[in-house]
Trainee: 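Pasting a structure here, questions to come.
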Amino acid sequence: MQSLETQNEGLKRADRITIPAADIEARIDAEVKKIAPQVKMPGFRPGKVPANLVKKMHRDSLTQEALNTVVQQGIDKTISDNRLRPATQPHVHLDHDYAPGKDAAVDFHLEVLPEIAAPTLDGIELERLTVEPTEADVQERIDNLLSSQTRFEPADKAADEGDAVVIDFVGKVDGVAFDGGTGEAMTVRIGQGQLIPGFEEQLVGMTAGEERQIKVTFPADYGAKELAGKDATFDIKATEVRIPADTKADDDFAKGLGLESMEQLTGLLKGQIEQELNGLTRTHMKRQLLDRLAATHDFDVPPSMVEAEFAQIWQQLEQEAAREEDPEAARAEMETEKVDYRAIAVRRVRLGLLLSEIGQANGIEVSNQEMNMLVAQAAQQYPREQQERFVAYVRENPMAAAQLRAPLFEDKVVDYLFDKAAINERTVTREELEAAIEAEPDGEGEEAKAKPAKKTAAKKPAKEAAAEGDAKPARKPAAKKAAKSESSDAEAGSADAASDDAVAAKPKKPRAPKKADADEAVKPAAKKAPAKKAAAKSE
């Protein structure tokens with residue numbers, strides 16, 4: 001085999017390899033010898049079909065398989081001989097005039113990882129801002145729990161806003177009861193907006209045993225088309241009025257949550273707050289660390305990796321914009337900052353490669369046991385019947401495994417750098433810590449803008465519906481609200497080879513896509529692209 005370098009510009013490489021026809025034919029003969037025992041042909045005993053007939057029968061498929069194999073071997077040898085570190089899979093092109101029996105000329109091109117000088121790790125100084133949980137913080141959590149665990153007790157009074165009324169009902173349109181419009185013992189809490197407009201308000205003032213008729217209009221977009229936009233009446237009988245009962249923060253309350261005592265609940269809540277505050281502290285420290293690494297290291301990065309990172313950023317921004325009140329305005333603003341987001345992508349990829357280099361140079365790795373735990377945890381996100389298939393997929397797909405491994409590898413590298421840094425500790429308030437996280441680092445300018453925040457779905461409280469049947473005084477579809485995500489800790493993020501960089505967003509105009517912290521996961525880049533056979537394409 002002959003190899004000739006045809007491009008060596010920056011991080012781009014290209015070669016032309018020429019594979020002798022004899023090598024291809026030898027590979028075909030080896031494959032014939034391998035499959036001949038399994039070939040069946042009329043007139044011959046199994047396994048006794050002559051090799052020349054086997055080759056004649058399967059010439060096309062054997063040639064293609066042999067060609068793919070020798071091409072892949074040739075590419076692998078060229079990469080190894082030239083000590084290239086691929087950042088991408090090679091793009092392979094078979095010369096257009098190739099024909100069986102001739103030498104095969106193959107061109108391939110790829111991008112390589114940059115040579116990174118040994119990172120300077122001495123002299124790193126970081127500030128650790130710490131916050132101690134206060135009694136007020138814990139009490140706020142307790143109050144939130146109390147408000148979410150409201151109990152109701154019967155009361156001999158007229159129903160008011162916030163009370164619950166247990167009703168029997170019959171719904172009618174034009175005086176005729178409609179399907180699914182009858183129910184008994186349904187609990188309605190007045191003022192919660194669970195039912196169609198105007199229904200709950202007309203329950204105010206009802207007492208146990210009282211009957212009344214109310215009038216409503218079904219919304220034009222109501223799910224049951226035969227009722228949409230129509231006027232209706234409901235014959236209501238209130239069987240019970242219930243009022244919110246006082247809920248005290250005592251041992252009985254804690255036991256209702258599955259705990260032993262109020263003391264245990266308080267301890268758990270304090271621990272949760274400490275964990276959150278520690279996460280904020282780590283986010284701030286990590287931002288400082290990455291800012292210093294970015295300021296002291298500069299090298300070219302593979303354009304394809306930048307494009308992949310930018311595509312991820314842009315996709316997230318598109319998703320954010322789609323949830324805004326004015327999506328078009330949000331997208332227009334995105335376009336004005338497209339150059340800035342591309343600069344963010346460059347920075348993230350560079351930091352990812354740098355962390356990878358630091359980790360490998362210092363023997364940092366994810367053990368097999370840790371990897372098995374990561375796979376098992378990720379598999380829990382799937383239905384039980386799909387978990388084994390997911391585990392097998394990860395074990396057979398190097399890129400999928402790398403995506404799972406990357407966040408933990410990153411955490412280990414960051415912890416290693418924290419241990420080497422000189423750290424000055426200072427106690428601050430939570431507000432001061434959050435302000436420090438939100439502040440745009442000096443000297444970073446537009447490149448320091450952050451990654452678009454991943455919004456988490458708002459958790460909706462369970463409805464207290466006791467109605468049987470279909471719609472009844474139908475509950476409105478829950479409004480889809482995207483909960484605004486706060487700047488999360490460095491552990492969250494994407495699974496790209498090189499990824500999230502670091503910094504808080506500048507305040508944005510209303511309805512614009514939010515740019516939250518980008519220090520959420522600078523994924524160390526893979527040192528070598530996963531091996532994958534490249535099928536030679538004739539062009």
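Computed from heavy atoms alone, side chains included, the values below leave out hydrogens, waters and symmetry copies.
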Trainee: Within the 4.5 Å heavy-atom criterion, are Ile423 and Glu125 side-chain neighbours or not?
Mentor: no
Trainee: Are the side chain of Lys412 and the backbone of Leu408 linked by a donor-acceptor contact shorter than 3.5 Å?
Mentor: no
Trainee: Are any non-hydrogen side-chain atoms of Glu370 and Ser367 less than 4.5 angstrom apart?
Mentor: yes
Trainee: Please report the shortest heavy-atom distance between Ala208 and Thr239, naming the atom on each side.
Mentor: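 For Ala208 and Thr239, the tightest heavy-atom pair comes out as CB-O, 4.0 Å.
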Trainee: Who passes side-chain contact (heavy atoms from CB on, under 4.5 Å) against Glu140, sequence neighbours left out?
Mentor: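 Expected list: Asn144.
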Trainee: Checking the side chain of Thr266 only, and the main-chain atoms of Met262 only, is there a donor and an acceptor separated by less than 3.5 Å?
Mentor: yes
Trainee: Drop me the distance from Leu145's CG to Leu257's CG, to the nearest 0.5 angstrom.
Mentor: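 If I round to the nearest 0.5 Å, the distance is 6.0 Å.
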Trainee: Within the structure provided, determine whether Leu269 and Ile142 are in side-chain contact (heavy-atom separation under 4.5 Å).
Mentor: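 Side-chain contact under 4.5 Å: yes.
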Trainee: Output yes when a side-chain donor or acceptor of Glu200 lies under 3.5 Å from a complementary backbone atom of Gln194, and no otherwise.
Mentor: yes
Trainee: In Å and rounded to the nearest 0.5 Å, what is the CG to CD distance from Leu317 to Glu335?
Mentor: 10.5 Å
Trainee: Does Phe390 have any ring-ring contact (aromatic ring centres under 6.0 Å, His included) partners at least two apart in sequence or in another chain, and if so, which?
Mentor: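 Result, ring-ring contact (aromatic ring centres under 6.0 Å, His included) vs Phe390: Tyr382.
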Trainee: Distance from Phe234 atom CZ to Asp168 atom CG, nearest 0.5 Å?
Mentor: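 One finds 13.5 Å between CZ of Phe234 and CG of Asp168.
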Trainee: Could you name each residue pair satisfying side-chain hydrogen bond (donor to acceptor under 3.5 Å, both in side chains) that touches residues 240-256, not counting sequence neighbours?
Mentor: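 The answer is Glu240-Arg242.
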Trainee: Give every residue pair that meets the salt bridge (charged side-chain N to carboxylate O under 4.0 Å, His left out) criterion with at least one member in residues 372-396, sequence neighbours excluded.
Mentor: none
Trainee: Please check if the number of heavy atoms outside Asp174 that lie under 6.0 Å from its CG is greater than 12.
Mentor: no
Trainee: Are the side chains of Leu268 and Leu259 in touch, meaning some heavy atoms are under 4.5 Å apart?
Mentor: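 Sidechains of Leu259 and Leu268: in contact.
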Trainee: What's the shortest heavy-atom distance between Arg342 and Val306, and which atoms?
Mentor: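 That closest heavy-atom pairing would be O-CG1, 4.5 Å.
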Trainee: Any non-hydrogen side-chain atom of Leu293 less than 4.5 Å from a side-chain atom of Leu355?
Mentor: yes
Trainee: Quick check: are there more than 12 heavy atoms from other residues, nucleotides or ligands sitting under 6.0 Å from CD of Gln275?
Mentor: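 Check fails, neighbour count at 12 or below.
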Trainee: Around atom CD of Glu135, are there more than 12 heavy atoms of other residues, nucleotides or ligands at under 6.0 Å?
Mentor: no
Trainee: Side chains of Met305 and Leu353: closer than 4.5 Å at any heavy-atom pair?
Mentor: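 The answer is yes, as the side chains (C-beta and beyond) meet within the 4.5 Å cut-off.
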Trainee: Tell me every residue that passes side-chain contact (heavy atoms from CB on, under 4.5 Å) with Asp143, counting only those two or more places apart in sequence or in another chain.
Mentor: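 Asp143 satisfies side-chain contact (heavy atoms from CB on, under 4.5 Å) with Gln139, Leu146 once adjacent residues are dropped.
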Trainee: Using the salt bridge (Lys or Arg N to Asp or Glu O under 4.0 Å) criterion, which residues pair with Asp163? Sequence neighbours excluded.
Mentor: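 With neighbours one apart ignored, the set is Lys157.
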Trainee: According to salt bridge (Lys or Arg N to Asp or Glu O under 4.0 Å), who are the partners of Glu274, at least two apart in sequence or on a separate chain?
Mentor: none
Trainee: Please list, chain by chain and in numerical order, all residues satisfying salt bridge (Lys or Arg N to Asp or Glu O under 4.0 Å) with Arg128, sequence neighbours excluded.
Mentor: Glu425
Trainee: Can you list everything that forms a salt bridge (Lys or Arg N to Asp or Glu O under 4.0 Å) with Lys172? Sequence neighbours excluded, please.
Mentor: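 Listed in chain order: Asp235.
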Trainee: Does a side-chain heavy-atom distance below 4.5 Å link Asp231 with Lys215?
Mentor: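 They are not in side-chain contact.
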Trainee: Taking all non-hydrogen atoms of both residues, which atom of Ala436 and which atom of Leu129 are closest, and how far apart?
Mentor: CB-CD1, 3.9 Å
Trainee: Got a sec: does the NZ of Lys338 have more than 12 other heavy atoms crowding it under 6.0 Å?
Mentor: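 Yes, the 6.0 Å shell around NZ holds more than 12 heavy atoms from other groups.
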Trainee: Could you please spell out the steps behind the side-chain contact (heavy atoms from CB on, under 4.5 Å) verdict for Met186 and Val166?
Mentor: CA-CA 5 Å; Met186 185 174 86; Val166 181; over 6 Å; no
Trainee: How about Gln369: does its CD atom have over 12 heavy atoms from other parts shown lying under 6.0 Å from it?
Mentor: no
Trainee: Looking at every non-hydrogen atom in both residues, tell me the closest pair between Glu333 and Thr336 and how far apart they are.
Mentor: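 What the structure gives for the nearest pair is O-OG1, 2.6 Å.
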Trainee: With sequence neighbours left out, write down each residue that passes ring-ring contact (aromatic ring centres under 6.0 Å, His included) with Phe253, or none if nothing qualifies.
Mentor: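 Not a single residue meets the ring-ring contact (aromatic ring centres under 6.0 Å, His included) criterion with Phe253.
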Trainee: Just to verify, what does Glu328 make a side-chain contact (heavy atoms from CB on, under 4.5 Å) with, not counting sequence neighbours?
Mentor: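 For Glu328, the residues satisfying side-chain contact (heavy atoms from CB on, under 4.5 Å) (neighbours in sequence not counted) are Asp326, Arg331.
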Trainee: If the condition is side-chain contact (heavy atoms from CB on, under 4.5 Å), which residues does Gln202 pass it with, not counting sequence neighbours?
Mentor: Ile214, Val216
Trainee: Are side-chain heavy atoms of Leu289 and Ile124 found at a separation under 4.5 Å?
Mentor: yes
Trainee: With side-chain contact (heavy atoms from CB on, under 4.5 Å) as the test, would you mind laying out the steps for Tyr416 and Asp419 before giving the verdict?
Mentor: CA-CA 5 Å; Tyr416 170 80; Asp419 289 340; 5.6 Å; no
Trainee: So, are Arg212 and Glu210 salt-bridged, with charged N and O less than 4.0 Å apart?
Mentor: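 Result for this pair is yes, salt bridge flagged.
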Trainee: State plainly whether the residues Glu365 and Arg405 are in salt-bridge range, i.e. N to O under 4.0 Å.
Mentor: no
